[in-house]
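As structure tokens, the structure follows; a few thoughts come after it.
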Amino acid sequence: MTNEESVQVSELSQKVSDMSVDQSVAEQKITPWEVEGAVVDGVQMSVDYDKLIQKFGTRHIDQELLDRFERVTGHKPHLFLRRGIFFSHRDMNAILDRYEKKKPFYLYTGRGPSKGSMHLGHMLPFIFCKWLQDVFDVPLVIQLTDDEKFLFKQGLSLDEAYKYSKSTVKEIAALGYKPEKTFIGQFYKNIIKISKSITGSTAKAVFGFTDTDCVGRMFYPCIQIAPCFSTSFPALFGSKKDIPCLIPCGIDQDPYFRLTRDISVKLGHPKPALLHSKFLPALQGSKSKMSSSVDNTAIFTTDTPAQIKNKINRYAFSGGADTLELHRLHGGNPDIDVAYQYMCYFVDDDELLDKLADEYRKGTLTTGEMKQHSIKVIQEFVSEFQAKLAKITDQDVANFMDPNYPRTFYFSDSI
């Protein structure tokens with residue numbers, strides 16, 4: 001390694017160290033594997049997304065960007081955008097520039113299953129990606145990160161992780177994706193080049209790895225980065241290196257792609273653009289997100305109507321007053337009420353949500369009534385999803401995962 005290369009590596013290592021998710025953000029713990037709000041005077045707080053934007057160096061999705069999105073695409077922004085559920089971005093304006101100029105780009109997201117079914121929080125990026133794919137009419141690649149779960153989750157065998165991945169493909173297909181525009185799989189092209197561009201000190205700085213972590217964990221970011229580069233898919237994009245991707249993901253996944261953006265130019269690829277989402281709160285409140293490991297924090301796609309009703313009634317954090325009398329007198333706070341928050345993710349009717357929030361603040365709508373509204377919405381969503389899932393076949397799964405399946409979005413080298 002030359003002296004100049006050593007200086008560049010040192011500067012990159014210092015840069016990502018300054019942005020490291022291992023460093024607390026007002027004592028928040030936001031990593032690809034853990035999400036917890038800050039602890040202040042012994043009390044755990046909700047995740048502070050404004051501080052994450054400041055720390056990670058991203059940009060707010062503001063009204064100006066939403067207005068441009070609608071003007072360029074001709075589509076009203078998705079409820080996830082207009083309600084601030086996807087709240088932060090990197091280079092979204094550059095993607096809109098390409099769309100205006102009719103230049104190609106693609107979508108990329110992923111899923112690392114650690115259980116046989118997704119919960120509602122896992123569904124969000126896939127619901128949003130489906131909408132983005134319909135709006136932009138672009139290809140989507142979905143990485144299955146069962147290898148990550150095997151490396152990072154104790155007690156999970158590789159065979160179990162692979163089995164969960166096949167189940168995940170069925171669930172993704174049930175959301176309405178078409179195999180002719182979507183490829184789901186694992187991608188290992190470009191990984192060796194990426195691995196040569198990332199030092200051990202950089203990986204430790206960004207992800208908080210220690211000398212006791214297995215080398216598989218330190219190597220894994222190379223795998224998650226690879227789908228950001230179009231040359232990882234020669235069967236889909238030819239050998240073109242100038243096709244960027246747009247990545248909708250949770251803000252906890254940003255460290256992977258900050259690192260990607262730092263090395264992409266060196267490897268001759270455009271930087272990926274990102275749209276970051278907030279976390280769907282656990283049933284117990286917004287201090288943490290839903291977890292597959294703790295059943296009573298989450299609503300799963302396999303839950304029955306009775307299970308959904310029981311979970312929301314029993315565990316959903318309330319923004320109401322301590323007693324019905326006090327609630328009628330002072331009203332409640334829908335901004336911290338989990339039943340109301342869930343409806344914000346799954347109800348498109350802005351006027352209805354405003355009405356429920358207003359009545360809750362006035363105390364004319366009780367916590368029990370708010371929960372009943374939420375139960376109905378979530379039961380309907382999950383039941384409709386389960387009906388679609390039942391129609392997905394093993395052949396459908398094979399089509400999504402077959403790189404040679406005839407797809408309509410192949411970009412030849414002449415484009």
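Note that the numbering runs from 1 along the sequence shown for the chain. Just so we're clear, the structure is a prediction, and the values are computed from it rather than from any experiment.
- The shortest heavy-atom contact between F126 and I142 is CE2-CG2, 3.9 Å.
- Among L274, L246, L65, T58, the single residue meeting the side chain to side chain contact (heavy atoms under 4.5 Å, CB included) criterion with H89 is L65.
- Within the cation-pi definition used here (under 6.0 Å to the ring centroid, within 45° of the axis), R90 does not qualify as a partner of F257.
- For I243 against F105, the heavy-atom pair with the smallest separation is CG2-CA, 3.7 Å.
- Figure legend: cation-pi geometry between K278 and Y49, with NZ or CZ positioned under 6.0 Å from the six-membered ring centre and within 45° of its axis.
- When only modelled atom types and interatomic distance are considered, R68 and N93 share a side-chain donor-acceptor pair under 3.5 Å.
- If you look at Y220 and F207, their ring centroids are not closer than 6.0 Å.
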Given side-chain hydrogen bond (donor to acceptor under 3.5 Å, both in side chains), test D137 with Q133 step by step and report yes or no. CA-CA 5 Å; D137 192 25; Q133 187 182 51; over 6 Å; no
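- Looking only at atom types and distance, the side chain of D67 has a donor-acceptor partner in the side chain of Q63 under 3.5 Å away.
- Other residues, nucleotides and ligands contribute at most 12 non-hydrogen atoms within 6.0 Å of the CZ atom of R59.
- Between the side chains of T301 and Q386, no donor-acceptor pair of N or O atoms lies under 3.5 Å.
- Side-chain atoms of D50 and Q54 include no donor-acceptor pair closer than 3.5 Å.
- In the displayed structure, K309 atom NZ is contacted under 6.0 Å by at most 12 heavy atoms of other residues, nucleotides or ligands.
- Judged purely by distance below 3.5 Å, without hydrogens or angles, the side chains of Q143 and Y108 pair a donor atom with an acceptor atom.
- Using modelled atom types and a 3.5 Å distance limit, the side chains of Y360 and T367 yield a donor-acceptor pair.
- For F385 and F346, the distance between ring centers is not under 6.0 angstrom.
- For F87 and H60, the distance between ring centers is not under 6.0 angstrom.
- Aromatic rings from F183 and Y405 are positioned such that their centres are separated by 6.0 Å or more.
- I95 approaches A273 most closely through the heavy-atom pair CG1-CB, 3.6 Å.
- Aromatic pair Y177/W131: centroids not less than 6.0 angstrom apart.
- Among all heavy-atom pairs drawn from L283 and V338, the shortest one is O-CG2, 3.6 Å.
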Take H276 and D254 through the test side chain to side chain contact (heavy atoms under 4.5 Å, CB included) and record every step on the way to the result. CA-CA 8 Å; H276 302 113; D254 188 69; 2.7 Å; yes
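- Here the closest non-hydrogen pair linking I184 and I172 is CD1-CG2, 4.0 Å.
- Crowding of D394 atom CG: a count of heavy atoms from other residues, nucleotides or ligands under 6.0 Å not exceeding 12.
- Between the side chains of Y345 and Q341, no donor N or O sits under 3.5 Å from an acceptor N or O.
- Contact record, P248 with L132: CG-CD1, 3.7 Å, taken as the closest heavy-atom pair.
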